[in-house]
Novice: 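Quick one: structure below, then a few questions.
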Amino acid sequence: MSKVRAILVGAGQRGTFVFGRYALDNPEKLRFTAVVEPDPGRRRRFASQHGLDEGSSYESFDVLARGEIEADIAVIATMDRQHAEPAILAMEAGYHVLLEKPMAGSALECLRLVETAQKTGRMLAVAHVLRYTPFFSRIKEIVSSGRLGDILSVEHFENVSYWHMAHSFVRGNWGNATRSGPMLLSKCCHDLDILVWMMSHTEPLAVTSRGSLSHFRPEKAPPGATDRCTDSCPAEEECAFFAPRFYLDEKIDPYFAYAITSDISPEGRLAALQTGPYGRCVYKCDNDVVDHQSVIIDFADGALATLVMHGLSDREGRTMRYDGSRASLRATFPFCGKEEIEIQDHLTGEVELVTIGEAGWGPHGGGDGRLIESFVEAVAEGRHDFLTGARTSLASHLMAFAAEESRLSGKTIDLAGFEKSIG
């Protein structure tokens, strides 16, 4: 396989520590020839890691429109609401695109991305990495084989731990829907995509959703709580969200440390908490996305799937249950720890522990490595068949937007009518 050349657009956490790391670990498969990143510190860091000179480092993604960079693909890892424009520019300039999820910040932009891919003949792959994990691939095999019989009910829980909720969806980049998008799109388009994929034998017809922001509100703050955790807050000992306890821990994962500052020394992290968004009291931020939400999906064959997202879990990960006419499947996909799948047969009552393959390279249960490798191989071989192509990924995104409309309106949303109303 020939080496694929790439442009990285967005040298933040995912861009640097996932896509960039893969290229460094697999130089015979992927090489970055340019980086586009407005933050000079992040831009220099990535350029240094990949041996790029100043002539290959750019501040604005407008450079994509010229099509002058020698590359085969563009990897778009910017913030969510900046996904559509660089992806469209890249495809129109002749590059294939690997796009971070979610595809875009609006349903109309998602449709535009699909149309651009069709018009230009470029491959647009969406980073729905869970499909590439041995864990979810194994469940898909079981569901498709008929082992469970006719699927009647699916329960899928997205357990967002209290510390992750505070980090990403209260203090962090995805806490405000205007800057990013609704919680269901930012966090759970993975989960909706998995549900659509598992139930691909039938069509989703409608969604109903409920949810709200209940806990991370000013009135929930402890008595006397300060605006910042570093301002001698009297609730320090009793508050599970006290920022210094997490961010100043010497064992903190660099992935989270680099989210708050480029200087991850103890002094640099403390300064970031004293002045930046991650040192704010979780009850006194500008967050407005929900901290819990449920979605019910009606399928054409009568099956119902329920997705529950809650942001005050004691652990991070996904748990699920598939109940069919022949057997039930229960599974756990933790953030770290042992993945488990078991099947209980209705006839015999016997419980089978399912074997899961090795995860492989990267986070998300090895899904990141398999996603990147699959895309790189497809580009190198000139193939356009891809498990999470643009048209395939569109369904779960439209479902997320429809569910948010249902949550706000209190109505059940017909999915076919919703797509027609957009396009």
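These numbers come from the heavy atoms of this one structure, side chains and all, not from hydrogens, waters or symmetry mates. Source: prediction; values computed, not measured.
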Novice: Does one side chain, of Ser200 or Lys140, offer a donor that lies under 3.5 Å from an acceptor on the other?
Specialist: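 The answer is yes; a qualifying pair exists.
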
Novice: If a pair satisfies ring pair (Phe, Tyr, Trp, His ring centres under 6.0 Å) and one of its residues is in residues 79-110, list it, with sequence neighbours excluded.
Specialist: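 Every pair satisfying ring pair (Phe, Tyr, Trp, His ring centres under 6.0 Å) with a residue in residues 79-110: His96-His384.
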
Novice: Quick one: ring-ring contact (aromatic ring centres under 6.0 Å, His included) partners of Phe401, sequence neighbours excluded?
Specialist: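 So Phe401 forms no ring-ring contact (aromatic ring centres under 6.0 Å, His included) with any residue.
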
Novice: Which pairs with one or both residues in residues 275-284 pass side chain to side chain donor-acceptor pair (under 3.5 Å), sequence neighbours excluded?
Specialist: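 Qualifying pairs: His215-Tyr283, Arg280-Asp286.
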
Novice: Charged N to carboxylate O below 4.0 Å: is that the case for Glu141 and Arg138?
Specialist: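 Counted as a salt bridge, because a side-chain N and a carboxylate O are separated by less than 4.0 Å.
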
Novice: Go through the structure and list residues passing ring-ring contact (aromatic ring centres under 6.0 Å, His included) with Phe386, not counting sequence neighbours.
Specialist: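 By the ring-ring contact (aromatic ring centres under 6.0 Å, His included) rule, Phe386 matches Tyr132, Phe375.
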
Novice: Taking the basic N atoms (NZ, or NE/NH1/NH2) and the acidic carboxylate oxygens, is any pair closer than 4.0 Å for Asp385 and Arg383?
Specialist: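 Looking at Asp385 and Arg383, the cut-off is met.
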
Novice: Within the 3.5 Å criterion, strictly below it, is a donor on Thr261 or Asp263 matched to an acceptor on the partner's side chain?
Specialist: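 Absent: no donor and acceptor within the cut-off.
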
Novice: For Phe136, what residues pass the ring-ring contact (aromatic ring centres under 6.0 Å, His included) criterion, not counting sequence neighbours?
Specialist: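 Checked Phe136 against ring-ring contact (aromatic ring centres under 6.0 Å, His included); matches are Phe333.
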
Novice: Can you name the nearest heavy-atom pair linking Val114 to Arg391, along with the distance?
Specialist: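 In this case the closest contact between Val114 and Arg391 is CG1-NH2, 3.6 Å.
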
Novice: Whether the Trp174 and Asp80 side chains hold a donor-acceptor pair (N or O, under 3.5 Å, no angle test) is what I'd like checked.
Specialist: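 On atom types as modelled, these side chains qualify, holding a pair under 3.5 Å.
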
Novice: Would you tell me whether Asp323 and Ser328 have side-chain atoms, one donor and one acceptor, within less than 3.5 Å of each other?
Specialist: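 Note: Asp323 and Ser328 side chains meet the donor-acceptor criterion.
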
Novice: On the six-membered ring of Tyr258, is Arg45 placed so that its NZ or CZ lies under 6.0 angstrom from the centre and within 45° of the ring axis?
Specialist: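 Geometry flag: set, cation within 6.0 Å and 45°.
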
Novice: Under the ring-ring contact (aromatic ring centres under 6.0 Å, His included) test, which residues partner His292, sequence neighbours left out?
Specialist: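 With neighbours one apart ignored, the set is empty.
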
Novice: Do Ser406 and Ser209 have a side chain donor and acceptor closer than 3.5 Å?
Specialist: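 The criterion, which ignores hydrogens and geometry beyond distance, is not satisfied for Ser209 and Ser406.
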
Novice: Considering only heavy atoms from C-beta outward, does the side chain of Leu192 approach that of Ile297 to under 4.5 Å?
Specialist: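 Yes, close enough: below the 4.5 Å cut-off.
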
Novice: Tell me whether Lys187 is salt-bridged to Glu158, with the criterion being a basic N under 4.0 Å from an acidic carboxylate O.
Specialist: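 Here Lys187 pairs with Glu158 in a salt bridge, since their nearest N and O are under 4.0 Å apart.
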
